[in-house]
Asker: 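Have a look at the structure that comes next, please.
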Amino acid sequence: MLSDRPGVDATIQRKEGNNARKAPSAPAGQSLTVLAVETSCDECAAAVVSGRPGAMAIKSNIVWSQIDDHAAFGGVVPEIAARAHLKTVAAVVRQALASAGTSDADLSHVAATNGPGLLGGLLVGSSFAKGYAQSADLPFFPVNHLEAHVLTPRLTDGTPYPYCVALLSGGHAQFVAVRGLGDYVRLGGTIDDAAGEAFDKTAKLLGLGFPGGPAVERAAASGTERFTFSVPLARRPGCDLSFAGLKTAVRLAAEAEAPLSDAAVADICASFQATVARLLRQKTAQALAAFQEVSPGPPTALVAVGGVAANQALRAALQSVADDAGVAFVAPPLALCTDNAAMVAAAALEHAAAGEAPDLSARARSRWPLDADAAAMLGGGKRGVKA
Ligand code: KG4
Ligand code: ZN
């Protein structure tokens, strides 16, 4: 509760001045400089981005990966992630500011990923960033991690709206129509596992390392597609995705081949990856068709983001769909496709430049769908879709 002692109130009001709900808009065209923090999963990241929508520059982009902390467990352990973020977040932010050569006086805004993600890590990063904003008397923007991913092509390529995104990461698998800032329509998404999760589980089953995606891709390179796995949801219209059945098919194939030779592992990986590529080719084409129904104009591009988009075979599959549809294919550099804070800073910069109000009181949220109007998907649980 606020004290009614004038001195205390005055202090609080001054500190809240930059985060008031009706903040004045940034003058049109003004260059902004945003410090952002990202801690939603196993990357502790901070970045400084400056400029204006359509002309942004990354001044620094620091990512401290916790992969080694989680490798022994074959996946991200939320409690370990939160503790590791607590240990590193201050140093990572310091490094981002130092390598950008930026002082508090140069900053116009502070931002952080507020969700969706692992709640412990989100609380660490967003609390730190809010405290930083308060102490520097700067406005704070809470950022949706998924929005940061889908706006990345605007940072890297200045892609104009509207465009179609395939977001394929360790925690997500969905197709999104990006019609404008804050105007997102989920065209389809996974009804069970995320895309990267499917790679990670396949790798774990076959005794390959974590993260599984690169290990599966490496093994697949020397394998042949001698296993026939059916393409999930092949006869279902629309562009929903599914990976759980494929995971079971991989397990059955591995059990039938046991004990597994390196050659058998390579063949299973090649067959799994080729099936995911077929799934993505089919569903991405259907996503582009669904796009026409929600957008007044055609997409300016098909965009692939998320760690899974690093996979060359999957990238080629998406590129071929874009070519067939006569749409440009945009795949941002890998460092900006995977989790990073530059995309968070860029998303905040877009909102600030649009004159939206900052919000210091926004709470961290483990679930925060991009498209609040989309129906919850199967397996989504009470609080919304998981992946
Ligand atoms: O986007 P990201 O770095 O983090 C999340 O937001 O989840 O994605 C990480 C995921 C992991 O599941 C990893 O196995 C997968 O991306 N991944 C790949 C490849 N490289 C990373 N999956 C398939 N092929 C790859 N080359
Ligand atoms: Zn992500």
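Each ligand, and each atom within it, is numbered from 1 in the order the structure gives.
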Asker: Would Val344 and Val37 satisfy side-chain contact (heavy atoms from CB on, under 4.5 Å), going step by step from the backbone distance to the final call?
Answerer: CA-CA 7 Å; Val344 178; Val37 177; over 6 Å; no
Asker: Among all protein heavy atoms, pick the one closest to atom 3 (O) of ligand 1 and tell me residue, atom and distance.
Answerer: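 Going by distance alone, atom 3 (O) of ligand 1 is nearest to Thr338 CB, 3.2 Å.
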Asker: For atom 10 (C) of ligand 1, what's the nearest protein heavy atom and its distance?
Answerer: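 Checked against all protein heavy atoms, atom 10 (C) of ligand 1 sits closest to Gly170 N, 3.4 Å.
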Asker: Please name the atom of Asp339, restricted to N, O or S, that is closest to the Zn ion (ligand 2).
Answerer: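 Among the N, O or S atoms of Asp339, the one closest to the Zn ion (ligand 2) is OD1.
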Asker: Hey, are Ser103 and Asp106 close enough side-chain-wise for a donor-acceptor pair under 3.5 Å?
Answerer: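 Yes - a donor-acceptor pair under 3.5 Å links their side chains.
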Asker: Checking the side chain of Arg154 only, and the main-chain atoms of Met56 only, is there a donor and an acceptor separated by less than 3.5 Å?
Answerer: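 Between the backbone of Met56 and the side chain of Arg154 there is no qualifying donor-acceptor contact (under 3.5 Å).
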Asker: Which heavy atom of the protein is the closest neighbour of atom 1 (O) of ligand 1, given with residue, atom name and distance?
Answerer: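 That would be Gly307 N, 2.9 Å.
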Asker: Gly196 to ligand 1: N or O pair under 3.5 Å?
Answerer: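 Looking only at distances, the answer is yes, because the N/O contact criterion of under 3.5 Å is met.
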Asker: Do any N/O atoms on Ala310 end up under 3.5 angstrom from N/O atoms on ligand 1?
Answerer: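 N/O-N/O distance below 3.5 Å does not exist for this pair.
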Asker: I'd like to know whether Asp339 forms a side-chain contact (heavy atoms from CB on, under 4.5 Å) with His149, so could you lay out the CA-CA distance, the side-chain angles of the two residues, the decisive distance to 0.1 Å, and finally the verdict.
Answerer: CA-CA 8 Å; Asp339 286 352; His149 271 306; 3.0 Å; yes
Asker: For atom 15 (C) of ligand 1, what's the nearest protein heavy atom and its distance?
Answerer: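 Minimum-distance protein heavy atom for atom 15 (C) of ligand 1 reads Val308 CG2, 3.9 Å.
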Asker: Show, in sequence, the C-alpha distance, side-chain angles and deciding distance for Leu168 and Asn311, and conclude whether the side-chain contact (heavy atoms from CB on, under 4.5 Å) test is met.
Answerer: CA-CA 10 Å; Leu168 303 165; Asn311 186 293; over 6 Å; no
Asker: Counting backbone and side chain alike, does His172 bring an N/O/S atom below 2.8 Å of the Zn ion (ligand 2)?
Answerer: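 It does not; every qualifying atom lies at 2.8 Å or beyond.
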Asker: Do Phe272 and Phe199 have ring centres separated by under 6.0 Å?
Answerer: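 Judged by ring-centre distance (under 6.0 Å), Phe272 and Phe199 do meet the cut-off.
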Asker: Between Asp200 and ligand 1, find which residue part has any heavy-atom pair under 4.0 Å and reply side chain, backbone, both or neither.
Answerer: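 Answer for Asp200: side chain.
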Asker: Taking the side chain as every heavy atom from C-beta outward, state whether Lys283 and Phe175 have any atom pair closer than 4.5 Å.
Answerer: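 Side-chain contact under 4.5 Å: yes.
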Asker: Within less than 4.0 angstrom of ligand 1, does Gly212 place any heavy atom?
Answerer: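 Yes; Gly212 lies near enough to ligand 1 that a heavy-atom distance drops under 4.0 Å.
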Asker: Could you tell me the residue and atom name of the protein heavy atom closest to atom 4 (O) of ligand 1, and the distance to it rounded to 0.1 Å?
Answerer: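 Scanning the protein heavy atoms, the shortest distance from atom 4 (O) of ligand 1 goes to Asp339 OD2, 3.6 Å.
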Asker: Does Val308 belong to the same Ile/Leu/Val/Met/Phe/Trp/Tyr cluster as Val250, with side-chain heavy atoms less than 4.5 Å apart forming each link?
Answerer: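 As far as the 4.5 Å side-chain criterion goes, Val250 and Val308 are connected within one cluster.
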Asker: Quick one: closest heavy-atom pair of Leu187 and Val176, and the distance?
Answerer: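 Between these two residues, the closest heavy atoms are CD1-C, 4.2 Å.
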Asker: Restricting to N/O/S atoms, is Cys41 within less than 2.8 Å of the Zn ion (ligand 2) or not?
Answerer: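 No N, O or S atom of Cys41 is closer than 2.8 Å to the Zn ion (ligand 2), so no.
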Asker: List every atom of ligand 1 that sits less than 4.0 Å from any heavy atom of Glu217, numbering the atoms from 1 in the order shown and giving each element.
Answerer: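 Ligand 1 atoms under the 4.0 Å threshold to Glu217: 25 (C), 26 (N).
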Asker: Is there a donor-acceptor pair closer than 3.5 Å between any side-chain N or O of Lys201 and the backbone N or O of Asp193?
Answerer: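 Judged by distance alone, no pair lies under 3.5 Å.
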Asker: So, is Asn311 polar-close to ligand 1, with some N/O to N/O distance under 3.5 Å?
Answerer: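 Min N/O separation from ligand 1 is below 3.5 Å for Asn311.
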Asker: Would you say Gly171 and ligand 1 have an N/O pair spaced under 3.5 Å apart?
Answerer: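 N/O-N/O distance under 3.5 Å: yes.
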Asker: Could you label the plane-to-plane angle of the Tyr163 and Tyr161 rings as parallel, tilted or perpendicular, counting under 30° as parallel and over 60° as perpendicular?
Answerer: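 Parallel.
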Asker: Would you tell me which option among Gly213, Gly306, Ala313, Ala335 has the nearest heavy-atom contact to atom 23 (C) of ligand 1?
Answerer: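 The option holding the nearest heavy atom is Gly213.
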Asker: Starting from the Zn ion (ligand 2), look over the N/O/S atoms of His149 and name the nearest one.
Answerer: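 Of the nitrogen, oxygen and sulfur atoms in His149, the Zn ion (ligand 2) lies nearest to NE2.
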